[in-house]
Amino acid sequence: MASFSSQKELQDRYFDARTMMMQFTAEGSDFLKDTIDDLFPLLNKTFSVGDIKGEVLIQMSIGIYFPYILPACEPFRDIYVGGSTDKCITELEKWRKNAPDAVDFSYAAKVAYKEQSNRECWTEKQNMLRMKMKPGLKYDVNNTNPFHPTVLPPADCLFLIHCLECHTTDEEGFCRALKHASFLLKKGGHLLMIACLGETFYMVGDFKWNHLSMEAEFVKKALCDAGYEIKELHVLPRAVRCRYEMGDYHSFLLTVALKKRDV
């Protein structure tokens, strides 16, 4: 537990969500090309089929990943976006309120919806997300209720984007954090998880951050042990576009799971 707390304290003090998002979503970003080209078509298909819908979606991530949430705009009424640090919440709120100094995600949104070439498509998606987003909330996966003391309505969908593996230092901690996050999801709801496999570090500016190295088989077992039935699991090998000094992952993971029971 001490190592977990140390990781959190470092993130609270030094993690720069703004730099991360400008680094990974700006025009020319190799990481953006990888994620948009490989992951976004799957996400768009997942949310467009119609099985994943409802009133409440809760999203948690180490940084700010608005482009990933765009496909979820229409199927949900209320969208809660959690940030892991005070700085992250500040940036979330700037974007939600469309402040002049907010991080500009328009390029990432435009690339994500490149098949719909008209500007209205991706601008409307961003505006819809802003309207449905609730004020940003700070989370801590070390708490049984990650948003303590706030109690959110049970989610129909829990969307974890580069989340648990960035906050934990070993597999036991990951499984514990997964059970805590699952507190937010109603039985019969869907969990979506995007993660990097085999990654031991990632860079944000000049800071090198530790990352729990894990493989797909471990994630599958962790989900099953936490009361989930896996509906889809995609492993997408890393393209050569992204520079290895930014992070040493070998694949992206996208999984969709149904919560069958509370654990």
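Of all the heavy atoms in Pro75 and Ile52, the pair that sits closest is CB-O, 3.6 Å. Residues Cys196 and Met214 approach most closely at O-CE, 4.4 Å, considering heavy atoms.
Looking at Asp248, its side chain never comes within 3.5 Å of a backbone N or O of Glu199 through a donor-acceptor pair.
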(message) As a quick check of understanding, evaluate side chain to side chain contact (heavy atoms under 4.5 Å, CB included) for Ile62 and Phe15, giving each step before the final call.
(response) CA-CA 9 Å; Ile62 184 63; Phe15 189 81; 3.7 Å; yes
(request) I would like to know whether Phe218 and Phe174 meet ring pair (Phe, Tyr, Trp, His ring centres under 6.0 Å); could you show each step before the answer? (result) CA-CA 10 Å; Phe218 162 71; Phe174 179 95; 5.3 Å; yes
(request) Please step through side chain to side chain contact (heavy atoms under 4.5 Å, CB included) for the pair Phe201 and Trp209, ending with a clear verdict. (result) CA-CA 5 Å; Phe201 77 92; Trp209 293 97; over 6 Å; no
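Arg130 is linked by a salt bridge (Lys or Arg N to Asp or Glu O under 4.0 Å) to nothing, counting only residues two or more places apart in sequence or in another chain.
Taking the side chain as every heavy atom from C-beta outward, Tyr139 and His167 approach each other to under 4.5 Å. Looking at heavy atoms from C-beta onward, Leu233 lies in side-chain contact with Leu253 at the 4.5 angstrom threshold.
For the residue pair Tyr228/Ser182, the side-chain donor-acceptor check at 3.5 Å is satisfied. His250 and Glu215 are linked by a side-chain donor-acceptor pair at a separation below 3.5 angstrom, with hydrogens and angles left out of the test. Side chains of His162 and Tyr249: a donor-acceptor N/O pair is absent below 3.5 angstrom, by distance only.
Note that Arg238 lies outside the cation-pi zone of Phe252, set by a 6.0 Å cut-off to the ring centre and a 45° limit from the axis.
Applying the salt bridge (charged side-chain N to carboxylate O under 4.0 Å, His left out) definition to pairs two or more places apart or across chains, those involving residues 251-263 are Glu229-Lys260, Lys259-Asp262.
Salt-bridge annotation for Asp101 and Lys94: present, with a side-chain N of the basic residue lying under 4.0 Å from a carboxylate O of the acidic one.
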